[in-house]
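First comes the structure, then the notes that go with it.
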Amino acid sequence: MIDTNLEYLESELREVVNLFDGADVIKIRHRFSENDTKFVNTITLDGKVYAYGNLVKNINGEIERKRLVKRYAKLSLYKGLSKHLGKELPWGALTGIRPTKLAYQQIEKQGDFTEFFIDTMKVSPEKTALTKAIIDTQKGIYEKNDANTDFFVFIPFCPSRCKYCSFISADIKSAQKHVDTYVDTLIDEINFSKKFVKNLRSIYIGGGTPVALSDEQLEKVLCAIDSVNTGVEYTVEAGRPDRITESNLKILKKHGVTRICINPQTFSNVTLEKLGRHHTAEQLIEKYNLAKNDFSINMDLIAGLEGETFEDFKANIDKAIELSPDNITVHTLCIKRGSYLAETESRLSGEVVSQMVDYAAEALKNAGYAPYYMYRQKYMAGNLENVGYTKPNKACVYNIDIMEEIACNVACGANAISKKVFNGGERIERAASPKDVVTYLNKIEEIKRKKEQLFSLE
């Protein structure tokens, strides 16, 4: 518990506490006061007082006031904890998922974001430079247009569940009795949702492992999407090499898929076995070579996997660079509720993981890749970030749109969240589908009504 006179901010303040190892045992008291020109946040940590004042003038309405109250309360708690514990963090007081979105907002208001990041929010110069590099790479793709739309389809089945996974996905063998019904219901929702697509930017089939479906089931879903496709970027998360086949790759190509994800996570067979991934690194390379001439390919790697050293991760990055896919995404292991690892680990040491992430950034830069999108999550090792890297002119439009929240998203399937953006993303309305497959099947008519309401909003 945090003793605060702004009870509605308690969970937000708790996010700041969670950034610091050991801070959860500190007795924390927070008091907020204000006058016409100043917000004052007084932080008491185990009896030691830290007070911070922030000048605020010309606030434009109550919404902006609440946003600034939250920002400066969290910033003050961060500064107090940082001083109290003698520790600075790479992302400073930023706890949000999308640092680049905040940077874009500052650019629109002030013409630049670097001073705000470094001086106000205490972000390190290195992470500020990373944010700037991503914004530079997004030029020519980043576009605010409320008519822009991405089309997303979710397949919640996998050949097996990885130990780090917290997504709503099911072992396809145990869920087999629901798969045909799910496919039919999903197709119904896809056909219903086509009318909400305006200026289509991209199509993305995620999971789960979409190619865990049989060829017949996969083709049925792709056929439903055919009438939406206008020749845009089209991604399928093929993901696991143990379910990639010559026949399903041919089906993907036939239906206009341009980009697939083949995700090693690691090239260590020992680690793959620990994670519950039923394939080897050699099999992954074999499937990559099978697909590389027909598709643009992304590979995911995870920094901080159980038992892996810096040298192990370095070998993973070096191998991915040698294979030379168009995109490489470097994830920092995130221990989430619902994953197997959450039962055995609460937080990994950040020092080695930080070295891993730094090596990846430098090695990928030297190999001709540039960072093009980023997001952060709670409970990440080292409080770091996930970054997608791209070869020149190969950036994934969908990833940029979804991370920056600058396009509408028509989303179909269990756990899918449709979004409608207004004023370039300043306002976003959402309609979420149930996470559970059976609940999704039972509530499909209600889901369709909610989606109809969402996309009729003005």
Side-chain angles (χ1 to χ4, degrees), residues 149-161 165-198 200 202-229 232 234-240 243 247-248 251-252 254-257 260-261 338 398 402 408-420 429-457:
T149 308
D150 299 295
F151 197 82
F152 176 80
V153 173
F154 186 65
I155 307 294
F157 307 111
C158 280
S160 64
R161 188 174 177 87
C165 183
S166 64
F167 288 121
I168 306 302
S169 58
D171 183 321
I172 195 164
K173 291 180 181 177
S174 62
Q176 195 60 55
K177 63 182 179 180
H178 299 302
V179 178
D180 280 332
T181 306
Y182 183 85
V183 167
D184 291 340
T185 305
L186 179 64
I187 289 169
D188 174 58
E189 188 184 3
I190 290 169
N191 289 328
F192 173 80
S193 301
K194 294 174 184 177
K195 61 187 177 183
F196 304 124
V197 176
K198 294 183 180 178
L200 187 68
S202 70
I203 300 169
Y204 197 104
I205 305 180
T209 306
V211 294
L213 297 177
S214 70
D215 285 359
E216 181 182 0
Q217 291 162 340
L218 178 63
E219 181 127 43
K220 285 175 68 175
V221 173
L222 295 176
C223 283
I225 297 172
D226 280 347
S227 62
V228 178
N229 190 10
V232 296
Y234 190 167
T235 300
V236 173
E237 286 188 359
R240 298 271 291 269
R243 291 308 294 252
S247 64
N248 60 33
I251 291 169
L252 297 179
K254 181 177 77 172
H255 287 276
V257 173
I260 63 173
C261 304
Y398 180 84
I402 200 71
C408 296
N409 195 305
V410 177
C412 300
N415 201 33
I417 303 176
S418 291
K419 299 178 183 179
K420 184 172 181 180
E429 300 289 343
R430 297 170 173 84
S433 295
K435 296 178 179 181
D436 176 69
V437 168
V438 175
T439 307
Y440 166 78
L441 297 177
N442 291 334
K443 293 192 172 183
I444 186 60
E445 294 306 318
E446 180 183 336
I447 292 166
K448 287 156 66 175
R449 285 194 298 272
K450 286 170 61 178
K451 190 177 288 187
E452 183 87 55
Q453 292 170 356
L454 173 68
F455 288 103
S456 65
L457 291 173

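Values below: every heavy atom of this structure, side chains too, minus hydrogens, waters and symmetry copies. Since the structure is predicted, the reported quantities are computational estimates derived from the model, not experimental observations.
- Glu237 places a side-chain N or O within 3.5 Å of a backbone atom of Gly207 that can act as its donor or acceptor partner.
- With values rounded to the nearest 0.5 angstrom, Lys198 atom NZ is found 6.5 Å from Cys408 atom SG.
- Taking CG of Leu222 as the reference point, atom CD1 of Ile187 lies at 9.5 Å (rounded to 0.5 Å).
- Counting all heavy atoms, side chain and backbone alike, Val236 lies closest to Pro210 at CG1-CB, 4.0 Å.
- Listed by chain and residue number, Lys448 satisfy the side-chain hydrogen bond (donor to acceptor under 3.5 Å, both in side chains) test with Asp188 (two or more places apart in sequence, or in another chain).
- Scanning for ring pair (Phe, Tyr, Trp, His ring centres under 6.0 Å) contacts around Phe152 gives an empty result, with sequence neighbours left out.
- Shown here for Cys158 and Thr209, the closest heavy-atom pair between the two residues is SG-OG1, 3.2 Å.
- Panel note: side chain Thr149, backbone Leu200; no donor-acceptor pair is recorded below 3.5 Å.
- Between atom NZ of residue Lys419 and atom CG of residue Leu454 there is a gap of 11.5 Å, rounded to the nearest 0.5 Å.
- Looking only at distances, no side-chain donor or acceptor of Lys451 sits under 3.5 Å from a matching main-chain atom of Ala431.
- Residues satisfying the ring pair (Phe, Tyr, Trp, His ring centres under 6.0 Å) test with Tyr182, not counting sequence neighbours, are Phe157, Tyr440.
- Atom OH of Tyr398 is separated from atom CD1 of Ile203 by 11.5 Å, given to the nearest 0.5 angstrom.
- Atom-to-atom distance recorded for Gln217:CD and Ile251:CD1 is 11.0 Å, nearest 0.5 angstrom.
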